[in-house]
There are 2 protein chains.
Amino acid sequence: MARLKDVAKAAGVSIATVSNVLNGTKTTTPVVQRRVLEAITALGYQPNLHARSLRTGQSRTLGLVVPDLTNPYFPALVQAIETTARAAGYALIVMDAGNDAERETEALTLMASYRVAGVIWVPVGENHAPTWPFPVVTVDRAVPGCDTVVADHLQGGSLVAQHAIALGHRRVGLLSGPRSLASAALRRAGFLRAATGQLELAWEHEVPFSSELPPHVQVRLAEPGCSLVVCANDAVAVGVLRAARAAGLRVPDELSVIGFDDVPWSDFVDPALTTVRQPLAALGAVAVAMLHTRINQPALALQHQILPVELVARRSAGKAPAEPAPVPAARPGGQS
Amino acid sequence: MARLKDVAKAAGVSIATVSNVLNGTKTTTPVVQRRVLEAITALGYQPNLHARSLRTGQSRTLGLVVPDLTNPYFPALVQAIETTARAAGYALIVMDAGNDAERETEALTLMASYRVAGVIWVPVGENHAPTWPFPVVTVDRAVPGCDTVVADHLQGGSLVAQHAIALGHRRVGLLSGPRSLASAALRRAGFLRAATGQLELAWEHEVPFSSELPPHVQVRLAEPGCSLVVCANDAVAVGVLRAARAAGLRVPDELSVIGFDDVPWSDFVDPALTTVRQPLAALGAVAVAMLHTRINQPALALQHQILPVELVARRSAGKAPAEPAPVPAARPGGQS
DNA sequence: GGTCGCCGGTTAAACGTTTAACCAACCCGT
DNA sequence: ACGGGTTGGTTAAACGTTTAACCGGCGACC
């Protein structure tokens, strides 16, 4: 490959001059500038970023560590990160932690070897934050010493509750996600807060983020005793859809279902899922923006951004069915 | 960050010695070896790969260029590539071409600047193959000067036909993908070949890879005139599912549907899609293996591997319904 | 018209590695 | 006892950049 030296020789000029016109470090006379640029295109010169990084001590590479690329949540995030990173002049080294804390630290130390300018990190679980030799911004989970950008799960939960109320539901079942995950806990909290006084919690179960529902939940769904099931996840929403079908319950006529995440296929299942959309693209864009400013101004105060989510109403959640006179506890004087 | 020099000083030994024990270049006495290793862990030394690459002229980084990360086909592929690449000691720089040929070449030239050891490339469309300064293996599409690994779309097509025959179908509709894409053309060819003599092609339409079906196909599906629709894609299969539902046709009782790809959610739609699974993980693993050998032996003959696919039978395709005596064209003597 | 400052260019050092070339000491066989 | 091979270590050059330091010439200012 052509080196700076070759360009210099071809342009009849010193190697430093080529470097200068290349990055506009010093002013140059137009004629020599033209000669240099011509030589560059003629030789198809591409700067050696290894050499540049070595010399300048900074690199134009960002790292990205995610727990599991096949999680439908991530592709859109990764895409947004890659696109905005490249637009800002960074390339992206991606590593998959395989949902394993050990492989995750492995990945992060590797990132150190590659001398990335910074990394965007979606932590796999609860974690120690050994301090890394590069700035880190975490996405979706807060980690003590790091900048963070998360979706507003709390708001998401309350949006669900509001929607349920607006549709006229009274008794709802709740399938909440692993309590140990901050995001799941926040969704639950937001939902419960906005539900108090308006919605009655028929039952609640804590389930993993999966469409394979545990047996006791399946039997519960055979006779839900509520008009709406609020799910931790689009995946568990699909599980509920299945269970409902198995029980002969028509969705949404007899039972409404609400998911969370708006994964790409939530519009493909039948009925299409009413769910809460996470601002994946914005999450990614903000993450690289934060990282970029942190790289340039390491001393800045820690940032913590919370991005708004959005309820997308589709067919899986409909109006509450006319109450089958459900044990009229309060008799306001009507005939019984 | 700690440099080789620091380790050397801490261990009371020369910088070259440290390098030697680090990569086992020369034999060293056990005592000095221990001292060096201790110093390394004590200082938390991580080699500067930029410097190493600069010196050795080779890098431990691979590139990956894909048309669109949000395409459900890719995450599993990317994951497989990343995992096997890292196991082989490479990091992976990922770039999304945004389905745009221009951004794609942009990405590839950038890869040159990063001096990647080689790149794995899923080309966005029909293409010129300007020769790149690094080895390239393409996935899913053949490109003249490159090693290639593809799934056996031809076999996939014929598997579909065989399955249809086994289920007793006679008249089928075919929604084939863009003829300009080699993969789509192969699927079609494989299907038609295996179908001849056994299956009657009621109709065929060429559709884009999308679940939004063009209007004329929608009206066709309102009265399909066949017992099975073979789809170019899982996405279009979902489109067919929708149209069938709109037309009041029960799937699979009245109409069977077969997709292609086995995207992650094909098990989530209702009914779960019968489809053809592409060996995504194998594709990725083979791609990096090929690239690895090509990097080490540039002069080898070009490779072209075709990986077997697999039909996964789910609920969307069932037995052919008893023929409603469909205009008995051939009268074997029955009363007319 | 002499001097000062700027302008446009060059020279050379440095970044952190690897590795060829060199060297001292030691072991062994004669 | 002496020389040659081997063993375990060091010195220094090189990879392709950036950038500080240097320098000649030219225009401007007094």
Side-chain angles (χ1 to χ4, degrees), chain A residues 1-37 39-40 43-61 89 91 110-117 133-134, chain B residues 1-37 39-40 43-61 89 91 110-117 133-134:
Chain A
M1 296 216 55
R3 296 148 304 166
L4 217 40
K5 197 200 301 194
D6 306 321
V7 177
K9 184 176 303 178
V13 83
S14 100
I15 163 179
T17 305
V18 179
S19 174
N20 282 329
V21 351
L22 203 54
N23 5 359
T25 321
K26 286 179 103 179
T27 66
T28 50
T29 193
V31 39
V32 71
Q33 188 159 343
R34 201 176 50 82
R35 280 222 312 273
V36 168
L37 292 178
I40 285 183
L43 297 182
Y45 168 78
Q46 290 284 124
N48 184 328
L49 296 190
H50 291 306
R52 183 181 300 195
S53 287
L54 177 57
R55 172 62 227 246
T56 65
Q58 32 188 280
S59 91
R60 298 305 280 170
T61 309
L110 242 185
M111 289 292 183
S113 259
Y114 281 92
R115 296 297 193 272
V116 293
F134 38 69
Chain B
M1 297 216 56
R3 297 148 302 167
L4 216 41
K5 196 199 300 193
D6 305 323
V7 177
K9 184 175 302 178
V13 82
S14 100
I15 162 179
T17 305
V18 179
S19 175
N20 282 330
V21 350
L22 202 53
N23 4 359
T25 321
K26 286 181 103 177
T27 66
T28 51
T29 193
V31 40
V32 71
Q33 188 160 344
R34 201 176 51 83
R35 281 222 312 272
V36 167
L37 292 177
I40 285 183
L43 297 182
Y45 168 77
Q46 289 284 124
N48 184 328
L49 296 191
H50 291 305
R52 185 180 335 226
S53 288
L54 177 56
R55 173 60 229 248
T56 65
Q58 34 187 280
S59 92
R60 297 306 279 172
T61 310
L110 242 185
M111 289 292 184
S113 258
Y114 280 92
R115 297 295 193 273
V116 293
F134 38 69

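Bear in mind that the values here come from a model prediction, so they are computed numbers and not experimental data. Chain letters run A, B, ... following the sequence lines, proteins first, then strands; residues in each count from 1.
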When rounded to the nearest 0.5 angstrom, what distance separates OG1 in A/T17 from CD in A/Q33?
11.5 Å
B/N48 CG to A/S59 OG distance, which is reported to the nearest 0.5 Å:
9.5 Å
Reading nucleotides 16-28 of chain C 5' to 3', which nucleotides get B (base under 4.0 Å from a protein heavy atom), which S (sugar-phosphate only), which -?
BBBB-B-------
Regarding B/K9 and B/D6, does a basic nitrogen lie under 4.0 Å from an acidic carboxylate oxygen?
no
Which heavy-atom pair separates A/Q46 from B/A112 by the least distance, and what is that distance?
CG-CB, 4.4 Å
Of all the heavy-atom pairs spanning B/A10 and B/L43, show the shortest one and how long it is.
CB-CD1, 4.2 Å
Output yes when at least one side-chain N/O atom of A/T29 is less than 4.0 Å from OP1 or OP2 of C/dG8, else no.
no
How would you label the contact of A/S14 with the nucleic acid (heavy atoms, under 4.0 Å): base, sugar-phosphate, or nothing?
base
